[in-house]
Every structure is written in C-alpha cells, then in structure tokens.
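Below: one structure, written as structure tokens.
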Amino acid sequence: VRSYGSARERANIAAGRFTPDIVIQRMLLAAIKVKFDSLPRANARQALILLDGFPRTPAQVDWLCCQTRVLGRVMLRLPREIAVSRLLTRAGDRPEDTPERIARRYDDYDRLTLAAGQRLLDRALTTGLPGWFELDAAQSQEQVGQRLVEIVDQVSMAHIKKVSLK
C-alpha cells in the first residue's frame with residue numbers, strides 16, 4: 001500500500017510517523033483497485049483480500065465495515081520486547097526501524113490498534129463475524145506462517161461454501 005501514496009506520505013510512513021486515516025484509506029483503495037482490475041471479472045466478484053496491519057484505528061474499522069463485508073480477523077499477540085527485538089533485527093532492511101520509531105509505533109498500537117480490535121469485536125458480536133482468531137506470534141516464523149495459512153484457508157472455505165449455497 002505504501003507505494004500508492006505521495007512522496008510526502010511515503011516519507012512520513014518511512015519516518016515512523018502516524019499517518020492519518022484518510023490517507024491510509026485512499027492508498028488502500030488504490031491498491032485494491034489495481035489488484036481487482038488485474039483479475040478476470042468473474043473472479044473479482046468472489047476474490048478475498050487479506051489486509052495485513054489494517055485496520056489500525058477505530059475509525060478505520062468503521063470505514064472498512066462500510067466499504068465491504070469483513071469475513072475474519074487475526075490478531076497476532078506478541079510481547080513488546082520480542083517485537084522490538086525482531087524489528088531491530090530486520091532494521092538493516094528497513095531504515096525506519098530505529099528504537100525510537102519502534103517505540104512510537106508501539107505506543108500508537110497500544111493507544112489505537114487495541115481499540116480498533118475491540119471495535120471490530122463489538123461489530124462481530126452484533127453482525128456475526130465468522131472468523132475470529134488470535135495467534136501467539138512468539139512462536140517461530142514458520143509456525144506462525146503455517147497457522148496463518150490454516151486460518152486463511154478456513155475463512156476462505158467458509159466463504160466459498162456460503163457463496164455456493166446461494
């Protein structure tokens with residue numbers, strides 16, 4: 001999604017600054033449009049999209065739920081110290097991963113993303129979100145990746161069965 005923003009917006013993201021919801025939403029819509037435009041028309045109607053790291057704020061939850069039907073949600077649980085260690089390990093690949101920027105992003109996570117997760121849960125309880133998962137991300141990358149594949153398959157199959165029954 002980052003590549004769909006202006007140079008200034010990309011610089012803000014790279015600097016670890018909080019990006020306004022409207023900017024993220026615009027960039028996300030542009031990325032989704034490119035993806036859907038590349039699909040044959042029949043496939044585009046049934047396509048599922050996995051959004052990694054979105055929504056991150058309660059306002060983004062509200063916007064997303066107005067745009068589309070949310071089929072599932074996976075919350076990766078990872079103690080802060082492990083997350084910081086992993087982010088610093090990959091810092092050579094991502095210069096924005098400095099200890100200060102990571103701390104700021106984690107503070108935003110604590111303040112906003114946890115509230116977004118609660119908002120999505122509240123919506124799920126009233127509208128019946130079929131796939132609600134929490135995953136211990138302190139496991140190895142391979143274990144987390146395998147479990148994510150299983151979850152996506154489970155949510156996808158439930159959606160495909162529901163569509164084919166109509």
Side-chain angles (χ1 to χ4, degrees), residues 1-32 48-68 70-156:
V1 171
R2 293 174 191 211
S3 60
Y4 294 92
S6 69
R8 184 170 147 232
E9 292 161 351
R10 289 192 311 270
N12 280 337
I13 291 170
R17 288 190 209 77
F18 187 74
T19 306
D21 291 333
I22 191 71
V23 172
I24 296 295
Q25 293 159 1
R26 182 178 42 76
M27 291 174 12
L28 181 62
L29 282 177
I32 290 171
L48 300 174
I49 296 176
L50 175 65
L51 301 174
D52 179 8
F54 186 87
R56 291 187 182 191
T57 69
Q60 289 175 358
V61 169
D62 296 339
W63 176 84
L64 180 64
C65 291
C66 289
Q67 298 297 316
T68 189
V70 177
L71 299 177
R73 175 239 187 221
V74 180
M75 177 63 104
L76 300 178
R77 298 285 183 190
L78 186 63
R80 187 175 187 143
E81 58 277 359
I82 295 174
V84 169
S85 173
R86 287 180 181 179
L87 289 169
L88 289 173
T89 300
R90 73 171 193 185
D93 299 328
R94 295 185 60 181
E96 68 266 25
D97 286 343
T98 65
E100 298 78 24
R101 290 177 181 166
I102 291 169
R104 186 172 41 228
R105 287 200 320 262
Y106 228 102
D107 290 343
D108 286 341
Y109 173 84
D110 287 343
R111 185 173 49 85
L112 295 168
T113 306
L114 292 176
Q118 185 59 49
R119 174 83 52 98
L120 201 51
L121 176 59
D122 294 345
R123 282 182 170 271
L125 294 174
T126 59
T127 62
L129 180 66
W132 189 265
F133 303 90
E134 293 204 4
L135 179 55
D136 175 11
Q139 303 173 67
S140 73
Q141 227 178 335
E142 294 77 22
Q143 291 171 309
V144 172
Q146 178 58 41
R147 183 64 185 126
L148 283 172
V149 167
E150 292 167 2
I151 290 169
V152 170
D153 285 348
Q154 183 179 341
V155 172
S156 298

Could you check if a side-chain atom of [X] sits within less than 4.5 angstrom of a side-chain atom of [Y], using non-hydrogen atoms only?
X      : Y     : result
Gln118 : Val61 : no
Trp63  : Leu28 : yes
Arg86  : Glu81 : no
Val152 : Val74 : no
Thr19  : Glu9  : no
Pro99  : Leu88 : yes
Leu120 : Cys65 : yes

Distance from [X] atom [atom1] to [Y] atom [atom2], nearest 0.5 Å?
X      : Y      : atom1 : atom2 : result
Arg77  : Leu135 : CZ    : CG    : 10.5 Å
Arg147 : Gln139 : CZ    : CD    : 9.5 Å
Phe133 : Arg73  : CZ    : CZ    : 11.0 Å
Ile151 : Gln154 : CD1   : CD    : 7.5 Å
Ile24  : Thr57  : CD1   : OG1   : 9.0 Å
Ile82  : Leu87  : CD1   : CG    : 12.0 Å

Exercise: identify the closest heavy-atom pair between [X] and [Y]:
X      : Y      : result
Asp136 : Val144 : O-CG2, 3.9 Å
Ala83  : Tyr106 : CB-CE1, 3.5 Å
Pro58  : Ala116 : N-CB, 3.7 Å

Problem - Matching residue for Asp21 among Arg56, Arg26, Gln60 - test: side chain to side chain donor-acceptor pair (under 3.5 Å) - result: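 That would be Gln60; it is the only one of Arg56, Arg26, Gln60 passing the side chain to side chain donor-acceptor pair (under 3.5 Å) with Asp21.
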
Practice task
Return the set of residues passing side-chain contact (heavy atoms from CB on, under 4.5 Å) with Gln146 (not counting sequence neighbours), or none when no residue passes.
Solution key: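 If we apply the side-chain contact (heavy atoms from CB on, under 4.5 Å) test to Gln146, skipping adjacent residues, the hits are Glu150.
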
Exercise for the section: Check whether any side-chain N or O of Thr89 sits under 3.5 Å from a backbone N or O of Ser85 as a donor-acceptor pair, and report yes or no. Expected result: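 It does hold such a pair.
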
Handout entry: More than 12 heavy atoms from other groups under 6.0 Å of CG on Asp153
Key =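 Buried by this count: over 12 neighbours within 6.0 Å.
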
Exercise for the section: Would you indicate whether Gln141, at its atom CD, is surrounded by more than 12 heavy atoms from other residues, nucleotides or ligands within a distance under 6.0 Å? Expected result: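 No, not enclosed.
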
Exercise for the section: Report the C-alpha distance between Leu114 and Met75 in whole Å, list the side-chain angles of each, state the deciding distance to 0.1 Å, and finish with yes or no for side chain to side chain contact (heavy atoms under 4.5 Å, CB included). Expected result: CA-CA 10 Å; Leu114 292 176; Met75 177 63 104; 4.2 Å; yes

